[in-house]
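Quantities reported herein were computed from a predicted structural model and do not represent experimental measurements.
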Amino acid sequence: MNYKFNETLLTIPPSASLAVSEKAKRLKAEGIDVITLATGEPDFDTPDAARIAGIAGIAEGHTHYNAALGLPALRQRIARKLCEENGIDASEENIILTPGGKYAVYEAIRTFITPGKEEEVMILNPAWVSYGPIVMAAGGIPVNVELSFETHYKITREALDSAVSKQTRAVIVNYPNNPTGCILSQEEAEILADFALAHDLILISDEIYERITYDKKQSVSLASLPQIADRVITLNGFSKAAAMTGWRLGYACAPKEVIGKMSVLSQHTISCLSQFSMEAALAALDCQEDIARMVASYDARRGFFVKGLNDIPGVTCLVPQGAFYAWAKVDLAGKDSFEIADYLLDEARVAVVPGDSYGKGGSRCIRMSFATAEADLREALERMRAAICKINGSSEVRK
């Protein structure tokens with residue numbers, strides 16, 4: 001049959017990080033020893049209390065339809081968390097649950113973008129590989145806003161002004177950032193606030209990594225700024241901080257009117273989430289000690305892994321302030337990021353994600369997850385050092 005597919009889907013590229021992971025899996029299946037640093041997934045199990053709550057929910061028969069907005073008790077608890085931890089004035093009516101943070105991104109964009117009207121959504125780059133395709137799937141036009149490695153990707157009004165147009169409807173902001181590990185400062189938050197007010201824009205703030213920060217620093221939640229609270233959609237979830245990637249649990253916080261429109265979309269697409277999974281999420285919100293242990297482990301790995309990368313001649317790695325990724329620029333005989341990633345997989349048997357997959361500002365960069373066993377991280381450092389020095393001609397540790 002000659003299928004006539006949705007034309008938008010024909011233009012959407014596949015996920016680069018998943019493509020690298022799949023290639024690494026194929027090599028492993030062939031018996032090749034590959035260390036995978038491409039997957040953005042915690043290497044911990046879901047906390048016991050959350051798993052037990054989910055199992056109990058199934059045992060008690062909590063397996064039927066639920067409200068489209070989500071379990072009221074969980075929405076109340078999320079609202080309290082946002083008030084206490086993020087400075088966001090929220091109540092139950094400001095919260096909607098979604099099947100993973102990724103769907104929360106889609107639902108937020110789809111709520112404000114009308115297909116066929118050529119409406120634009122600005123995305124601060126480097127950015128998670130799915131933002132652009134999600135904007136396209138929602139009927140919008142993604143516009144990449146380039147930030148600079150040399151300035152540690154600091155947000156400037158000049159960069160924002162260079163990308164805005166009369167068709168711009170929203171800006172996607174992700175802090176702590178995947179892939180760079182940067183967090184949002186108060187100064188940058190004020191820049192975004194002034195910009196949004198000047199151009200009457202919605203700010204979609206993806207804060208999925210907000211509990212994973214280091215050096216006693218915290219990323220600013222945009223909705224905590226009172227002057228723009230009514231134009232911010234805060235997105236979060238349980239995949240990263242609570243190691244619940246497979247549970248598919250995310251949420252959005254926004255003004256009641258916005259949540260109402262998002263709920264209409266939920267009703268006609270996903271219906272609802274499973275009650276037992278939401279009960280597990282409710283328990284996870286109180287697993288503070290488990291989360292703290294995970295973050296402490298990431299911090300220890302961050303220390304030696306980033307230092308090890310910076311000791312390799314030709315490699316410059318930023319020190320991540322949040323999330324669990326190392327973002328490094330590699331000077332390797334003029335190779336671009338895709339060639340660097342291919343070379344490291346073929347020569348070092350280490351899978352990394354090419355920086356150009358994350359839009360502008362990722363030239364000659366690679367992303368590596370340090371949510372990986374310490375032994376694998378140390379072995380990966382040695383393999384990458386040998387492979388890079390094979391071309392760059394020096395094996396000495398850079399001082």
Side-chain angles (χ1 to χ4, degrees), residues 15-18 21 36-51 53-54 57 70-71 74-75 77-78 81-82 85-86 95-108 127-131 133-134 172-181 183 204-213 219 221 233-253 266 270 272-288 290-295 297-298 301 320 322-325 353 358 367-372:
S15 168
S17 56
L18 290 179
S21 297
T36 302
L37 305 181
T39 307
E41 180 169 28
D43 63 332
F44 291 93
D45 289 328
T46 302
D48 288 345
R51 287 188 285 173
L71 192 67
L74 178 55
R75 292 163 57 214
R77 180 64 182 84
I78 289 171
K81 174 254 188 278
L82 292 172
E85 298 181 19
N86 303 90
I95 308 298
I96 185 170
L97 274 295
T98 60
K102 186 175 287 189
Y103 190 78
V105 177
Y106 173 79
E107 199 167 80
W128 179 47
V129 297
S130 291
Y131 290 134
I134 289 174
I172 297 177
V173 182
N174 169 221
Y175 292 97
N177 181 263
N178 171 14
T180 68
I183 63 175
I204 299 172
S205 183
D206 184 352
E207 302 178 14
I208 192 72
Y209 293 96
E210 55 97 13
R211 283 188 165 182
I212 306 174
T213 57
S219 192
S221 289
I233 304 176
T234 302
L235 310 179
N236 208 323
F238 299 85
S239 292
K240 309 303 181 179
M244 297 179 73
T245 52
W247 294 79
R248 308 314 303 141
L249 289 157
Y251 62 86
C253 174
S266 285
I270 63 165
C272 62
L273 274 68
S274 60
Q275 182 172 334
F276 61 84
S277 65
M278 289 188 285
E279 289 168 340
L282 182 60
L285 283 167
D286 291 321
C287 293
Q288 304 289 357
D290 298 83
I291 293 170
R293 281 194 293 270
M294 285 189 260
V295 174
S297 178
Y298 296 145
R301 290 180 253 180
F324 41 63
Y325 304 109
V353 187
Y358 299 93
R367 191 202 76 171
M368 296 153 283
S369 170
F370 51 82
T372 305

Between [Y] and [X], is there a side-chain heavy-atom distance shorter than 4.5 Å?
X	Y	answer
T213	P176	yes
M294	F324	no
E41	S239	no
Y106	T98	no

[atom1] of [X] to [atom2] of [Y]: how many Å apart, nearest 0.5 Å?
X	Y	atom1	atom2	value
L235	I96	CG	CD1	11.0 Å
S277	F238	OG	CZ	10.0 Å
I291	L285	CD1	CG	7.5 Å
Y251	E107	OH	CD	15.0 Å
Q275	L71	CD	CG	5.5 Å
N236	I95	CG	CD1	10.0 Å

What residues form a side chain to side chain contact (heavy atoms under 4.5 Å, CB included) with [X], not counting sequence neighbours?
X	value
L282	A73, L74, R77
P99	Y103, I270, L273
N86	K81, L82, I88, E207, E210, S221

Quiz prompt | Whether N177 side chain and N174 backbone form a donor-acceptor pair below 3.5 Å | solution =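 Here the side-chain-to-backbone pair exists.
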Quiz item: Do the side chain of S369 and the main chain of L37 share a donor and acceptor less than 3.5 angstrom apart?
Solution: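 Checking the backbone N and O of L37 against the side chain of S369, no donor-acceptor pair under 3.5 Å is found.
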Quiz item: Closest approach of K240 and P42, non-hydrogen atoms and distance?
Solution: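 Of all heavy-atom pairs spanning K240 and P42, the closest is O-CG, 3.4 Å.
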Exercise. Work out which heavy atom in C287 is nearest to a heavy atom in A50; give both atom names and the distance.
Key: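 Result for this residue pair: SG-N, 4.5 Å.
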Practice problem: Would you tell me whether R301 and S297 have side-chain atoms, one donor and one acceptor, within less than 3.5 Å of each other? | Solution: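 Judged by distance alone, the side chains do pair up.
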Practice problem: Would you check, one step at a time, whether the test ring-ring contact (aromatic ring centres under 6.0 Å, His included) holds for Y298 with Y209? | Solution: CA-CA 12 Å; Y298 296 145; Y209 293 96; 9.7 Å; no
Self-check item: Aromatic Y325 / basic R367 pairing, under 6.0 angstrom, 45° off normal
Solution: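 Pair R367/Y325 counts as cation-pi.
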